[in-house]
> 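Handing you this structure, nothing more for now.
The chain is numbered in sequence order, starting from 1.
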Amino acid sequence: MQFIDLKKQYQALRDPINTRIQNVLDHGQYIMGPEVKELEAALCAYTGAKHCVTVASGTEALLIALMALGVKAGDEVITTSFTFVATAEVIVLLGAVPVFVDVEPDTCNIKVSEIEAKITPRTKAIIPVSLYGQCGDMDEVNAIADKHGIAVIEDAAQSFGATYKGKKSCNLSKIGCTSFFPSKPLGCYGDGGALFTNDDELAQAMREIRVHGQSARYYHSRIGVGGRMDTLQCAVVLGKLERFEWEVEQRIKIGARYQQLLADLPGGARTVTVRPDRDSVWAQFTVMVPNREAVIARLKEAGIPTAIHYPRPIHAQPAYAEFAAGEGATPVSDTLAATVMSLPMHPDLDEATQDQIVAALRAALN
């Protein structure tokens, strides 16, 4: 059994992907080829954002977003500790300080009620993470940010394709950042990512930063990085877009069926809640279980692959210990890190396989 079945996805998309790749091999423009602008236009159309800037990875997208906003050493950026390390990593790379707040126990997204108390004169941005494929409480986050004159960057690495109050993830704040890592809802066959904004000046800054700060050939008007998404990876994503709407529908359908089948788990085990004004594209289908290691071992014996997203909050990582807010500052994050476990999830997951997974999980919990 596959945790994420990229082979089956490729079989369904073999012709458009192969054709797209061959076109790049034929024209030979491997960096900033025509597929780059074509993909950016397609992603703008999909999200409704005015500008899309493709970049080398989701991490690079977050870094470039902060650079475009002028975040520098000594500044503070509020975010969550219960996420992949890249969210805080880019803050620290710029010499800024990540300020961690806790998450909601039901959605695992940022706890808005704790944000305002963390804002200081040094706060330059808030990065809510749309974890597991569901957007956070973006209206409430934006309202706090607007009140204090700071920017919001949605870390939408796991939520591309999701909607929030009728709008697409990545077009919900000043800047949206996503990832096209292969396992993401829309993935390439290597690394890739994108930034989204409706701000013309920010878009121009992002475009310059991704090519070493160039505003013209060999004229560097700002500090930048080598952050381009290569043409071949853009071609892969263009090929995958042909059935992406169907894949999103399937993810939502499969996720809802998981929730129905796992609604009454024993022993205090539970699933992530999806709020009624939004949906989730289920980048991971995550459950919280007691005695996680024993449950994982039993599932492995039954042939069911699992993963943990994430086993240790960022503030508990050795490299980020200096930024921890203190013992017990993020109790929900600490509890989730000890109990979360992800089950197989992809748009080609059939009901029979899903039933097998659910039965094995129930048996493991009992």
> Any Lys/Arg nitrogen of Glu38 or Arg20 sitting under 4.0 Å from an Asp/Glu carboxylate oxygen of the other?
yes
> In terms of heavy-atom contacts, does CG of Asp277 have more than 12 from other residues, nucleotides or ligands at under 6.0 Å?
yes
> Do Lys147 and Glu116 sit within salt-bridge range, that is, some charged N less than 4.0 Å from a carboxylate O?
yes
> Can you check salt bridge (Lys or Arg N to Asp or Glu O under 4.0 Å) on Lys50 and Asp200, steps first, answer last?
CA-CA 8 Å; Lys50 185 177 181 182; Asp200 295 345; 2.8 Å; yes
> When you look at NZ of Lys253, are more than 12 heavy atoms from neighbouring residues, nucleotides or ligands closer to it than 6.0 Å?
no
> Show, in sequence, the C-alpha distance, side-chain angles and deciding distance for His51 and Thr197, and conclude whether the side chain to side chain donor-acceptor pair (under 3.5 Å) test is met.
CA-CA 5 Å; His51 300 283; Thr197 188; over 6 Å; no
> Could you go through Thr87 and Asp155, starting from their C-alpha distance and side-chain angles, then the distance that decides it, and tell me whether this counts as side chain to side chain donor-acceptor pair (under 3.5 Å)?
CA-CA 8 Å; Thr87 311; Asp155 182 342; 2.8 Å; yes
> How long is the span from the OH atom in Tyr46 to the CG atom in Leu39, to the nearest 0.5 Å?
13.0 Å
> Got a sec: does the NZ of Lys174 have more than 12 other heavy atoms crowding it under 6.0 Å?
no
> Might you work through the side chain to side chain donor-acceptor pair (under 3.5 Å) test for Glu35 and His27, ending with a clear yes or no?
CA-CA 11 Å; Glu35 286 78 6; His27 66 58; 2.9 Å; yes
> Look at Asp137 together with Lys111 and state whether they make a salt bridge at an N to O cut-off of under 4.0 Å.
no
> Are a donor atom and an acceptor atom from the side chains of Asp102 and Ser333 found within less than 3.5 Å of each other?
yes
> Answer yes if the ring centres of Phe160 and Phe244 are under 6.0 angstrom apart, and no otherwise.
yes
> Does the pair Lys124/Glu76 count as a salt bridge with the N-to-O cut at 4.0 Å?
no
> What distance do Glu89 atom CD and Leu93 atom CG have between them, rounded to the nearest 0.5 Å?
5.5 Å
> Looking only at the side chains, is there a donor atom on one of Thr107 and Gln134 sitting less than 3.5 Å from an acceptor on the other?
no
> Any chance you could lay out the side chain to side chain donor-acceptor pair (under 3.5 Å) test for Tyr10 and Asn18, step after step, and finish with the verdict?
CA-CA 10 Å; Tyr10 173 67; Asn18 285 1; 2.7 Å; yes
> Hey, quick one: are Phe82 and Ile314 part of the same hydrophobic cluster, counting side-chain heavy atoms closer than 4.5 Å, chains of contacts allowed?
yes
> Does a donor on one side chain and an acceptor on the other come within less than 3.5 Å for Glu40 and Thr54?
yes
> State plainly whether the residues Asp348 and Arg251 are in salt-bridge range, i.e. N to O under 4.0 Å.
no
> Assess the side chains of Ser169 and Glu154: does a donor N or O sit below 3.5 Å from an acceptor N or O?
yes
